[in-house]
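All heavy atoms count here, side chains included; hydrogens, waters and symmetry mates do not.
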Amino acid sequence: MFFGWYWTLLFMCKTVRLLVAGFGLLLLAGACKKEKPKDEKPLRQVSVPAFNADSAFAFVKKQVDFGPRVPNTKAHEQAANYFITQLQKAGATIIEQDFESVSFDNNKLKLKNIIASFSPDKPKRILLAAHWDTRPFADKDETKKDAPFDGANDGASGVGILLELARVIGTSAAPDAGIDIILFDGEDWGEKNNDPKEYELPKGQDSWWCLGSQYWAKHKHKANYSAHYGILLDMVGAKRAHFYREGLSLEFAPRVVENVWNTAERIGYSDYFVKQNVGEITDDHQFMNRIAKIPTVDIVDYKPGIGFFGDYHHRTKDNIELINKETLKAVGQTLMTVIYYEEAL
Ligand SMILES: [Zn+2]
């Protein structure tokens, strides 16, 4: 009997201890649950550097001041040297990729892609790109169809934002991923508007547009180069710009689209980054996706209702008057946040 009572007591104590411990754990689990609601995604605290729109605007104006950056002109050469100097000053490693192409109207073009890398030894890369050349004629203009134009938005705005990003990255703590910036040449010497004539493409060439990205996709600056994803900027500085979710970006890089548009919304730029889908656009991201196999989105100003692009597109109206600092800030700060939150999202 005595032993019986003794063991019962011990057993009960053990049971009670277990029950108390179990109840405690339940309480703890309950407490933890309270602190982290299930539906809230934890966001690591990351310090995102500020994108300076005044500085970006100055980078756009500087390009316009060179004159139209049409291939085979002095302004084109001066602009290239200026980009290289600025990117080197920001601490990037530069690769110049020189090549020749023939345009649809039979001009032999001397072209140059400029590749700037930050933390080139980091294996994980994010690729940012824009074209830096200017279309040689304002063929959509009402009166001056053969005149060159400034390309303040079409060309200079994307490069201006990337130069400012480079400047800030160079003076801030490096983001987790290595950043590559590519300035593509020869994007904008495609066939004239409403020209019914068919121009036979050279063998192996897919379009008269996007000559720089086509060349790069087939001759990458580093053997086996790839990037986690890419973001292309084109016409990203006009007042009241709207960036819709473009068809090819949605097809090849849906998660990148989601990340960029959600980030813009989170930091207050949903007026610019509209969560509506539009059709495919011919731009450098076609070749970054299809040939280079890097999932890339295109952030490009789109105006449903008045044709694909704004009423400045390929017209003499595309000058510095069009450029708006708030738009530059919306795109630049969104990009900066995407880059610096890379590991957290
Ligand atoms: Zn263009």
Side-chain angles (χ1 to χ4, degrees), residues 69-71 76 79-80 83-84 87 94-104 107 109-117 125-136 151 153-163 179-191 199 201-236 246-253 256-257 280-301 308-309 314 335:
R69 284 78 58 216
V70 174
H76 184 260
F83 301 145
I84 292 164
L87 292 164
I94 311 291
I95 295 175
E96 294 175 48
Q97 193 175 55
D98 293 298
F99 61 102
E100 282 189 0
S101 276
V102 177
S103 67
F104 77 94
N107 284 287
L109 310 179
K110 281 180 166 249
L111 303 173
K112 187 195 287 285
N113 292 330
I114 300 166
I115 301 108
S117 298
R125 318 294 307 165
I126 298 174
L127 174 55
L128 309 173
H131 78 89
W132 71 272
D133 61 303
T134 316
R135 184 162 178 77
N153 203 32
D154 196 353
S157 65
V159 175
I161 286 178
L162 295 183
L163 290 179
I179 306 294
D180 298 305
I181 291 174
I182 305 190
L183 307 182
F184 288 122
D185 203 352
E187 189 271 344
D188 231 351
W189 201 311
E191 304 99 307
Y199 299 88
L201 284 158
K203 209 175 167 219
Q205 193 173 310
D206 296 301
S207 170
W208 291 110
W209 302 89
C210 309
L211 300 175
S213 53
Q214 287 188 72
Y215 183 85
W216 174 80
K218 290 169 188 160
H219 308 87
K220 288 183 183 162
H221 61 288
K222 274 185 183 176
N224 304 319
Y225 172 84
S226 192
H228 195 44
Y229 61 85
I231 300 175
L232 174 71
L233 304 181
D234 199 359
M235 296 184 273
V236 281
E246 182 268 344
L248 207 79
S249 311
L250 285 164
E251 184 186 339
F252 282 90
V256 188
V257 171
E280 287 186 15
I281 288 166
T282 300
D283 210 342
D284 289 318
H285 70 312
Q286 282 218 9
F287 304 98
M288 298 167 78
N289 277 308
R290 290 192 198 279
I291 300 178
K293 307 281 181 207
I294 296 171
T296 302
V297 303
D298 193 7
I299 300 178
V300 57
D301 188 14
F308 260 46
F309 305 114
H314 295 177
L335 230 61

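- Between the side chain of R135 and the main chain of H314, no donor-acceptor pair closer than 3.5 Å is present.
- Using a cutoff of 4.0 Å between basic side-chain nitrogens and carboxylate oxygens, D98 and K112 are scored as salt-bridged.
- Q214 places a side-chain N or O within donor-acceptor distance of the main-chain N or O of S207, the cut-off being under 3.5 Å.
- Note that CG of L248 and CD1 of I281 are 9.5 Å apart. Values are rounded to the nearest 0.5 Å.
- Crowding of K110 atom NZ: a count of heavy atoms from other residues, nucleotides or ligands under 6.0 Å not exceeding 12.
- I294 and S226 get closest at one heavy-atom pair: CG1-OG, 4.0 Å.
- The aromatic rings of Y199 and W208 lie perpendicular to each other, with more than 60° between the two planes, well past the 30° mark.
- Of all the heavy atoms in D180 and S117, the pair that sits closest is OD1-OG, 2.7 Å.
- Going from atom NZ of K293 over to atom CZ of F287 covers 12.5 Å, rounded to the nearest 0.5 Å.
- In this structure, CD1 in I299 is found 11.5 Å from CG in D283, a value given to the nearest 0.5 Å.
- The shortest non-hydrogen separation linking S101 to L211 is CB-CD1, 3.9 Å.
- Summarising the geometry of A130 relative to G158, their closest heavy-atom pair is CB-C, 3.8 Å, with the distance given to 0.1 Å.
- The backbone N or O of R69 lies less than 3.5 Å from a partner atom in the side chain of T134, making a donor-acceptor pair.
- In this structure, H219 and Y215 have parallel ring planes: the angle between them is below the 30° cut-off, well short of the 60° mark.
- Among the candidates D185, I115, I114, L111, the single residue satisfying the side chain to side chain contact (heavy atoms under 4.5 Å, CB included) test with Q97 is I115.
- Looking at residues two or more places apart in sequence or on another chain, you find a ring-ring contact (aromatic ring centres under 6.0 Å, His included) between F83 and W132.
- Atom CG of L87 sits about 6.0 Å away from atom CG of L183, to the nearest 0.5 Å.
- Taking the side chain as every heavy atom from C-beta outward, M235 and D154 approach each other to under 4.5 Å.
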